[in-house]
2 protein chains.
Amino acid sequence: MPKQILPKPTEGELAILRVLWRRGASTVREVLEDFNQAQETGYTTVLKMMQIMTEKGLLDRDDKDRTHVYSPRVAEEETQRQLLGDLLDRAFNGSAKQLVMQALSSKKASREELAEIRQLLNDIERGDK
Amino acid sequence: MPKQILPKPTEGELAILRVLWRRGASTVREVLEDFNQAQETGYTTVLKMMQIMTEKGLLDRDDKDRTHVYSPRVAEEETQRQLLGDLLDRAFNGSAKQLVMQALSSKKASREELAEIRQLLNDIERGDK
DNA sequence: GTCGATGTACGAAACATTTCGTTGACAATA
DNA sequence: TATTGTCAACGAAATGTTTCGTACATCGAC
C-alpha cells in the first residue's frame, strides 16, 4: 500500500498549493502576501483553508514554532496528473488524443515546445508497445 | 457581440451535458435512465439540475409538449476547450507543453492516435507562426 | 508588567451544489 | 368518472466550499 489517495483539491486549495510549490514551505502570512499581489483575501481565510487542507492531508504542518510552517504533501506533477486524468474522464470520454489535440490547437506553444513534444512522441513510439 | 460567456459547468452538470451530447435532445426521464446504468439517481434530482442548467443558459428547453425536451446549448468541443483552458491556467501555469506532455506520458494513446497527433504538430509548425 | 502586533483556534455566516419530498396538473385507462 | 402513473414546479434539507468575526495566546518594545 504505497500511497494513499488524496482528495482532489478544490479551486481555492489549488491556488494555495501553487504558491507552496513555487515558494516551498511557507507560513500563512507568506502565502497571503503572495496571494494579495493579485486579489484581496483575508488572513483568517487563508489560515482556515490551510488548516482544512492539513486535515485533508494535502499539507504538512510544522508547528514547533509559534508561527507554523506549511508544506505541500502532494507533488505538483502528481496533482497535475490527477486533475488531468479527472478531466480526461469527465469531459473527453477518456480520449487522450482528443484532449491533446484540443490543447495543441487552441493554445500557444512555442516552436521549441512543439519540438519537445515531437521528441516525446518519438520516445513513446520507440519505447513501449 | 457574437457569443455570450456561459458559466463553467459543475461536475453534475457536465455529466448531464455528456448524455445530451451523446443522445441529442432528450427528456428528463431519458437522461435519468441513461444515468442509472451507472449510478442510482432520483428523477427530481435530475429534473432540478436540468432546470437550473436551463436558467444558467447551458440548456435549451422545448416545453410545447407536456414532457419537456432539453438540448445542450453549448457544443462539446467548446466546453472541452473551456475546461481545458481553465485547467491549463489553474494547474499548469499556462504551459500547454507541460499539459500535453503529462497527457501523453501518463495515458494511453494508440499508435494511430500518436500518428494523428504528430500530423497535427506538422500542420501547426508549417501553418502558423 | 503593559501594550500593540502577530499568531492560532473556533464557530458561524454566506454561498454554491446536490438531493429529494411534496404538491398539483395532466393523461391514459379501467 | 375514479384511479393510477407521469410530469413540472417548488421549497427545503444536506453537503461542501469560502469567508470572516471573535477570542485567546504569545512575543517584542516600551
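Residue numbering restarts at 1 for every chain, and letters A, B, ... go by the order of the sequence lines.
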Any heavy-atom pair between the side chains of [Y] and [X] that's under 4.5 Å?
{"X": "Glu112(B)", "Y": "Lys97(A)", "answer": "no"}
{"X": "Ile16(A)", "Y": "Tyr70(A)", "answer": "no"}
{"X": "Arg18(A)", "Y": "Asn93(B)", "answer": "yes"}

I need the minimum non-hydrogen distance between Leu84(A) and Leu99(B), along with the two atoms involved.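 Nearest heavy atoms, Leu84(A) then Leu99(B): CD2-O, 3.6 Å.
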Using every non-hydrogen atom in the two residues, find where Leu59(A) and Pro72(A) come nearest and quote the distance to one decimal.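 Heavy atoms of Leu59(A) and Pro72(A) come nearest at CD2-CA, 3.8 Å.
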Whole-Å distance separating the [atom1] atom of [X] from the [atom2] atom of [N]:
{"X": "Tyr43(B)", "N": "dT18(C)", "atom1": "OH", "atom2": "P", "result": "19 Å"}
{"X": "Lys64(B)", "N": "dA8(D)", "atom1": "NZ", "atom2": "P", "result": "14 Å"}
{"X": "Gln39(B)", "N": "dC20(C)", "atom1": "CD", "atom2": "P", "result": "11 Å"}
{"X": "Arg29(B)", "N": "dC26(C)", "atom1": "CZ", "atom2": "P", "result": "19 Å"}
{"X": "Asp62(A)", "N": "dG7(C)", "atom1": "CG", "atom2": "P", "result": "15 Å"}
{"X": "Leu47(B)", "N": "dA25(C)", "atom1": "CG", "atom2": "P", "result": "17 Å"}
{"X": "Ile52(A)", "N": "dT19(D)", "atom1": "CD1", "atom2": "C1'", "result": "10 Å"}
{"X": "Glu55(A)", "N": "dA9(C)", "atom1": "CD", "atom2": "P", "result": "10 Å"}

May I ask you to say whether Glu76(B) pairs ionically with Arg81(B), meaning some side-chain N is under 4.0 Å from a carboxylate O?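 So Glu76(B) does not pair with Arg81(B) through a salt bridge.
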Between Lys8(B) and Glu13(B), is there a salt bridge with N-O shorter than 4.0 Å?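 Salt bridge: no.
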Go through the steps for Ile117(A) and Leu104(A) under the test side-chain contact (heavy atoms from CB on, under 4.5 Å), then give the verdict. CA-CA 10 Å; Ile117(A) 292 167; Leu104(A) 286 180; 3.9 Å; yes
Neighbours of DNA chain D within residues 7-17 of chain B, by heavy-atom distance under 4.0 Å: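 Under 4.0 Å from DNA chain D: no residue of residues 7-17 of chain B.
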Check DNA chain D against residues 30-38 of chain A and give the residues with a non-hydrogen atom under 4.0 Å, in numerical order.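 Listed by number, there are none.
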With B for base contact, S for sugar-phosphate-only contact and - for none (protein heavy atoms under 4.0 Å), nucleotides 20-30 of chain D reads BBB--BBS---
Any side-chain donor-acceptor pair under 3.5 Å between Arg118(B) and Asn122(A)?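 The criterion, which ignores hydrogens and geometry beyond distance, is satisfied for Asn122(A) and Arg118(B).
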Side chains of Asp123(B) and Gln119(B): any donor to acceptor distance under 3.5 Å?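 A donor-acceptor contact under 3.5 Å links the two side chains.
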Would you say Gln51(A) places a side-chain N or O within less than 4.0 Å of OP1 or OP2 belonging to dA9(C)?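 Gln51(A) to dA9(C) OP1/OP2: side-chain N or O found under 4.0 Å.
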Is the shortest side-chain N/O distance from Arg61(A) to OP1 or OP2 of dA9(C) below 4.0 Å?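 It does, given that an N or O in the side chain of Arg61(A) lies less than 4.0 Å from OP1 or OP2 of dA9(C).
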Say you draw a straight line from OG1 of Thr44(A) to CD of Gln51(A); how long is it, rounded to the nearest 0.5 Å?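 Result: 9.5 Å between the selected atoms.
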